[in-house]
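What you see is a predicted model; the values in this text were computed from it and never measured.
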Amino acid sequence: MSMNTVGMKNLMNELKKLETLGDRIAEKALQAGAKILQREIIKRTPERTGNLAENIIVSKVVQGYIDIGPDFKNAFYARFLEYGTSTMDAQPFIEPAFLAVKDEVQAVMAQVIRQELSRL
C-alpha cells in the first residue's frame, strides 16, 4: 500500500508563514500593553530630579518577553525606592502601577490580537 501526498510542501510553507505571523501579532500586542504600563509607572514615579521618570524604558520583544521598568544603568537607585533599604522605607511605584493597569493591559493586548487576526 502506498500513499501519495499532494501539496504537503505548500502546506508546510503556509504553516511556517502562520508561525511567523503569530510571532508578529504577539509582539505587537506586547508592545501595546507595555506602553500602557510604562505610562502608569512614569505617572507613579517618585519625582526629585526627573531622571528616574525619564529612564522608564520598554525593551524589545525577545523570545516572547518584554521588559518594562527602570533602566538600571541610568537609574540604579530605582530598586532602593521600590524595595527600600536598611535605612530607608520603600516607596513602591512599579508594583502599584502594574496592579492598577493589569486589566487594561490584558484588554488592550486581546484587542490587538483580535484586530490582527480579523485581517487574515
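Residue pairs that meet the salt bridge (Lys or Arg N to Asp or Glu O under 4.0 Å) test with at least one member in residues 74-90, sequence neighbours left out, do not exist here. Listed by first and then second residue, the side chain to side chain donor-acceptor pair (under 3.5 Å) pairs involving residues 34-46 are E40-K43, E40-R44 (not counting sequence neighbours).
Smallest separation of non-hydrogen atoms from V108 and A32: CG1-CB, 3.8 Å. The two residues A53 and I42 have their closest heavy-atom pair at O-CG1, 3.7 Å. Closest approach of G50 to E47, counting heavy atoms only: N-CG, 4.1 Å.
For the atom pair R119 CZ and R114 CZ, the distance stands at 13.5 Å (nearest 0.5 Å). Rounding to the nearest 0.5 angstrom, the gap separating the CE atom in M109 from the CD1 atom in I25 is 12.5 Å. The CD1 atom of I94 sits 6.0 Å away from the CD1 atom of I56 when rounded to the nearest 0.5 Å.
Under the rule for a side-chain contact (heavy atoms from CB on, under 4.5 Å), the partners of A90 that lie at least two apart in sequence or sit in another chain are P92. For K102, there are no salt bridge (Lys or Arg N to Asp or Glu O under 4.0 Å) partners at least two apart in sequence or on another chain. Scanning for side-chain hydrogen bond (donor to acceptor under 3.5 Å, both in side chains) contacts around Q91 gives an empty result, with sequence neighbours left out. E54 is linked by a side-chain contact (heavy atoms from CB on, under 4.5 Å) to nothing, counting only residues two or more places apart in sequence or in another chain. Annotation: side-chain hydrogen bond (donor to acceptor under 3.5 Å, both in side chains) contacts of D23 (sequence neighbours excluded): none. Checked against side-chain hydrogen bond (donor to acceptor under 3.5 Å, both in side chains), T85 has the following partners two or more places apart in sequence or in another chain: T87. Taking R48 as the reference, nothing meets the salt bridge (Lys or Arg N to Asp or Glu O under 4.0 Å) condition, with sequence neighbours excluded. Taking the salt bridge (Lys or Arg N to Asp or Glu O under 4.0 Å) definition, one finds that K28 meets it with E116, sequence neighbours left out. Every residue two or more places apart in sequence or in another chain that forms a side-chain hydrogen bond (donor to acceptor under 3.5 Å, both in side chains) with Y77 is listed here: N51.
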Cut-off 3.5 Å, no hydrogens considered: what does the side-chain donor-acceptor table look like for residues 57-73, sequence neighbours left out?
| residue | atom | partner | partner atom | Å |
| --- | --- | --- | --- | --- |
| S59 | OG | D67 | N | 2.8 |
| D71 | OD1 | K73 | N | 3.2 |
| D71 | OD2 | N74 | ND2 | 3.1 |

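Between L52 and F93 there is a side-chain heavy-atom pair separated by less than 4.5 Å.
Clustering ILVMFWY residues whenever any of their side-chain heavy atoms sit less than 4.5 angstrom apart, transitively, puts L99 in the very cluster that holds I36. The hydrophobic cluster containing L37 does not contain I113, counting ILVMFWY residues as joined when their side-chain heavy atoms lie under 4.5 angstrom apart, directly or transitively. The cluster map of Ile, Leu, Val, Met, Phe, Trp and Tyr, joined by side-chain heavy atoms under 4.5 Å apart, puts L30 and L117 in different clusters.
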